[in-house]
Colleague: 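I'd like to ask some things about the structure below.
Values reported hereafter were calculated over all heavy atoms of this structure, with side chains retained and with hydrogens, waters and symmetry mates removed. Heads up: numbering here begins at 1 and tracks the sequence.
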Amino acid sequence: MSKTLITCDCLGTQAIDSQALSDATGLTVKSPCSALCTSQIEQAAEALGSEDVIICCTQEARIFEALAAELDREAPPLLDLRNRAGWTDDTATNIPKMSALIAEATLPAEPGKSMDVISEGLCLILGQPDIAMAAAEQLKDHLGVTVLLEQPDDLPDTRAYDVVIGDLRRAEGALGQFRVVIDRLQQVNPGGRGAFALTEPQDGGVSECDIILDLRGDTPLFPAPEKREGYLRADPSHAPSVASVVMDASHLVGTFEKPLYVRVEPLLCAHSRAEQTGCNRCLDLCPTGAITSAGEHVSIDPMICAGCGACSSVCPSGAVSYDAPPVGLTFRRVQTLAQAYLSAGGEAPRLLVHDAHGTEMIHLAARHGRGLPADVMPLEMDAIGAFGHAEAVAALAAGFAHVALLPGPGADRDAMTAQVALSAAIGGEARVSLLDVTDPDAMSDALYGADTPPAPVANPVRPMGTRRQIARQAARALHPDTEHLPLPEGAPYGAVLVNTDTCTLCLSCVSLCPSGALGDNQDKPQLRFQEDACLQCGLCANICPEDAITYEPRLDLTDAALRQEVLNEEEPFACVECGNLFGSKSAIDRITEKLTGHSMFSDPAKLRMIQMCDDCRVNAQFHSTDNPFAGKERPKPRTTEDYFSDRKDH
């Protein structure tokens with residue numbers, strides 16, 4: 001059953017052409033209401049009771065959800081057309097933009113993945129005695145409270161909550177599974193008369209808790225403390241902040257759903273091989289420290305991961321990918337927006353990627369300012385950091401003329417700047433930008449006053465596959481007559497350059513290459529390279545004993561990047577005994593030259609063994625006078641005659 005669109009012109013403040021929308025989208029679009037959330041609520045009730053509807057209003061979501069509950073129906077999907085397309089100073093038609101937003105809203109949703117986190121309410125409070133114990137008094141009836149004090153002189157005369165003395169050495173974990181190590185730990189011995197006694201100090205005391213309330217006003221215990229769930233921190237001199245975190249702590253009891261933001265494929269990871277470090281891109285970027293080295297691949301702690309998405313955008317191999325929602329859905333959303341806009345008669349759309357903070361800016365700009373231009377398509381991301389160069393280039397190839405990223409307060413701007421630079425190098429300098437403003441009016445002015453971008457791609461494409469495959473196909477669509485695109489340092493695409501004068505074809509690089517970009521030839525000494533597979537991870541350069549390998553960051557758009565090309569080859573060496581080919585002539589000659597004159601190879605026969613294949617070398621060693629395989633002379637077997645001879649002698 002096709003969906004029905006219920007629209008509202010919001011007391012006549014926006015124009016909605018229901019027939020044009022119906023023609024553009026293929027959906028049933030009823031004539032717009034004027035006060036759907038108030039005097040015309042019965043129309044919403046009638047539609048909910050009989051049809052599969054989308055209600056085009058998010059401002060009054062609470063009312064429509066309550067109405068659906070009264071009718072024993074599922075809450076309907078809500079779509080914001082008013083703030084994103086209806087309320088605007090742009091006089092151009094908004095039908096292409098509205099139809100694109102509607103098409104995106106009808107995409108099937110991807111189910112989220114999560115894990116249960118249980119918090120029993122065990123709370124550790126840190127801070128000066130007056131602040132910490134005041135917080136403990138407020139929380140003791142709601143949580144299991146322990147206060148950590150530094151001096152025994154501050155010990156309170158109460159057992160309403162626990163108090164320990166000591167120095168916090170280390171803390172790790174997140175909500176429901178914090179683990180702390182305390183030195184000089186002393187606990188209260190509650191027996192006896194008079195002041196409470198304390199146990200003897202103990203270093204390295206380990207304890208676990210569900211919540212940490214940090215009121216010290218000192219250095220945070222964790223990187224990116226605002227993203228560490230269960231870790232609440234406030235300035236002790238600011239009473240409202242303290243009251244706020246105390247209130248938040250009181251609610252952290254029960255079972256919570258922790259989203260699983262990223263998916264990891266360890267076999268694809270190019271972090272390390274044979275104790276040689278390669279790619280560290282995600283490790284260097286992770287703001288919370290959730291990513292750690294686990295040998296040849298990285299490991300991500302789902303409890304610490306805050307879902308910023310930066311690891312997904314920089315991973316060259318796809319070993320780490322955003323999964324809430326999956327990367328594939330982001331590509332489909334981008335391509336659907338472009339296709340629907342162009343199909344409805346629009347030309348040269350621009351894409352504005354933003355997070356929840358950007359959504360609020362758009363709402364404010366629409367209600368109190370100029371709103372968004374009619375050609376600007378807003379795309380909200382749960383984690384804007386997950387929108388990397390592959391997504392931006394795919395958007396340009398799908399028909400967008402320009403892509404702008406609007407970061408919110410919690411976005412990693414350094415990571416986004418690097419991705420924008422890479423996107424611009426692939427898609428074009430004038431096509432990708434970072435719109436780093438915090439004022440809604442400044443946002444609108446920047447979008448209205450932006451220079452006209454270059455014309456969009458003439459033949460839009462919607463490639464499929466991995467992020468690398470999509471980026472490559474999109475780049476080819478954007479640059480059909482270009483062979484190579486130079487890229488900035490650190491790009492995950494490029495060539496391996498080999499100095500053939502120093503390379504000995506030892507093939508150490510081949511054995512360590514995690515993507516199979518480097519290969520050999522079983523028939524002759526040869527080093528081969530497939531550029532499309534190269535991750536520029538650094539492993540081959542790190543392992544090369546001759547320092548013969550360097551990199552050139554670039555994107556090869558020719559078919560040559562898809563096949564193996566020879567980087568270095570040499571004449572094979574013929575065994576001096578049997579004539580079979582083995583090794584490379586330069587390597588054998590070099591080894592022979594270096595060992596000539598060495599005391600252990602003063603015998604010409606030993607030096608000659610270096611020029612033999614494996615089989616002939618073993619044979620020569622076996623028959624040599626100082627055969628290393630020879631043992632002591634075997635004892636002579638005794639015969640019957642030997643025994644008779646012994647008896648005669650006796």
Side-chain angles (χ1 to χ4, degrees), residues 268 270 278-282 284-285 313-319 388-397 403 415-433 454 457 461 463 465-503 509-510 512-519 527-544 547-569:
L268 300 179
C279 176
N280 278 330
R281 289 178 172 90
C282 61
D284 295 338
L285 278 180
S313 65
V314 300
C315 182
S317 65
H389 71 276
E391 289 79 6
V393 175
L396 296 175
V403 176
M416 292 182 63
T417 299
Q419 287 297 302
V420 167
L422 181 55
S423 304
I426 299 175
E429 291 289 341
R431 295 183 181 274
V432 187
S433 64
V457 63
V461 297
T466 65
R467 295 181 78 249
R468 290 181 66 87
Q469 292 169 339
I470 289 175
R472 174 181 171 78
Q473 294 173 54
R476 293 188 68 171
L478 293 170
H479 306 281
D481 301 321
T482 301
E483 293 187 352
H484 298 92
L485 292 174
L487 300 180
E489 288 294 327
Y493 312 96
V496 167
L497 307 180
V498 174
N499 185 341
T500 56
D501 292 333
T502 57
C503 174
C509 52
V510 173
L512 287 192
C513 182
S515 64
L518 290 170
L527 177 62
R528 305 174 69 86
F529 174 65
Q530 182 177 331
E531 186 165 330
D532 180 60
C534 180
L535 308 177
Q536 300 281 287
C537 65
L539 277 167
C540 56
N542 292 342
I543 195 62
C544 180
D547 293 327
I549 295 178
T550 55
Y551 300 112
E552 180 187 352
R554 69 180 191 183
L555 189 58
D556 187 346
L557 303 181
T558 67
D559 290 340
L562 303 177
R563 58 178 181 263
Q564 286 194 337
E565 302 289 340
V566 177
L567 294 183
N568 192 18
E569 64 179 334

Colleague: Return the set of residues passing salt bridge (charged side-chain N to carboxylate O under 4.0 Å, His left out) with E429 (not counting sequence neighbours), or none when no residue passes.
Modeller: none
Colleague: Please give me the minimum heavy-atom distance between V432 and S423, naming the atom from each residue.
Modeller: CG1-CB, 3.8 Å
Colleague: Might you point out which heavy atoms bring R472 and A561 nearest each other, and give the distance in Å?
Modeller: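 Scanning both residues, the minimum pair turns out to be NH1-CB, 3.7 Å.
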Colleague: Using a 4.5 Å cut-off on heavy atoms from C-beta on, say whether the side chain of I543 contacts that of I549.
Modeller: no
Colleague: Kindly indicate whether the side chain of P514, heavy atoms from C-beta on, has any atom under 4.5 Å from the side chain of L539.
Modeller: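 In contact.
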Colleague: Answer yes or no: is there a donor N or O on one side and an acceptor on the other, between the side chain of Q419 and the main chain of H389, under 3.5 Å?
Modeller: yes
Colleague: State the CG-CG distance between L562 and L557, to the nearest 0.5 angstrom.
Modeller: 10.0 Å
Colleague: Start with the C-alpha gap between R528 and V566, add the side-chain angles, then the distance that decides, and say whether side-chain contact (heavy atoms from CB on, under 4.5 Å) holds.
Modeller: CA-CA 4 Å; R528 305 174 69 86; V566 177; 3.5 Å; yes
Colleague: Are L487 and I426 close enough that some pair of their side-chain heavy atoms sits under 4.5 Å apart?
Modeller: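 L487 reaches I426 side chain to side chain.
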Colleague: Where is the tightest heavy-atom contact between L478 and G427, given as atom of each residue plus distance?
Modeller: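 The pair with the smallest heavy-atom distance is CD1-CA, 4.0 Å.
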Colleague: Nearest 0.5 Å please: distance from the CD atom of E391 over to the CG atom of L396.
Modeller: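 Answer for the CD-CG pair, E391 versus L396, is 12.0 Å.
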Colleague: Starting at OG1 of T500, measure out to CD of E569 and round the result to the nearest 0.5 Å.
Modeller: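 Between T500 OG1 and E569 CD, I get 11.0 Å after rounding to 0.5 Å.
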Colleague: More than 12 heavy atoms of other residues, nucleotides or ligands under 6.0 Å from CD of Q469: is that the case?
Modeller: yes
Colleague: Roughly how far, to the nearest 0.5 Å, is OH of Y493 from CZ of R554?
Modeller: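 Answer rounded to 0.5 Å: 15.0 Å.
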Colleague: What do the steps show when you test R467 against S313 for side-chain contact (heavy atoms from CB on, under 4.5 Å), and what is the final call?
Modeller: CA-CA 9 Å; R467 295 181 78 249; S313 65; 4.3 Å; yes
Colleague: Looking at C513 and L518, what are the two nearest heavy atoms and their distance?
Modeller: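 It is SG-N, 3.6 Å.
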Colleague: Say you draw a straight line from CG of N542 to CG of D547; how long is it, rounded to the nearest 0.5 Å?
Modeller: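 Interatomic distance, N542 CG to D547 CG, rounded to 0.5 Å: 9.5 Å.
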Colleague: Is Y551 close to V496 at the side-chain level, that is, under 4.5 Å between some pair of heavy atoms?
Modeller: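 Of all side-chain heavy-atom pairs linking Y551 with V496, at least one is under 4.5 Å.
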Colleague: Show the nearest heavy-atom pair for residues P486 and H484, with the distance to one decimal.
Modeller: CD-O, 3.8 Å
Colleague: Hey, does L527 have a side-chain heavy atom less than 4.5 Å from the side chain of C509?
Modeller: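 C509 vs L527: side chains touch.
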Colleague: Compare every heavy atom of T502 with every heavy atom of A548, then report the nearest pair and how far apart it is.
Modeller: CB-OG1, 3.3 Å
Colleague: Tell me, with the steps shown, if E565 and E531 meet side-chain contact (heavy atoms from CB on, under 4.5 Å).
Modeller: CA-CA 8 Å; E565 302 289 340; E531 186 165 330; over 6 Å; no
Colleague: Side chains of Q473 and V461: closer than 4.5 Å at any heavy-atom pair?
Modeller: no
Colleague: State, with a plain yes or no, whether a side-chain heavy atom of Q536 is found less than 4.5 Å away from one of R281.
Modeller: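 Counting from C-beta outward, Q536 and R281 do come under 4.5 Å.
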Colleague: Does the side chain of L535 reach to within under 4.5 Å of the side chain of R468, using non-hydrogen atoms?
Modeller: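 Side chain of L535 against side chain of R468, heavy atoms only: contact under 4.5 Å found.
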Colleague: Just how far is it from atom CG of L285 to atom SG of C315, taken to the nearest 0.5 Å?
Modeller: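 L285 atom CG to C315 atom SG measures 11.0 Å (nearest 0.5 Å).
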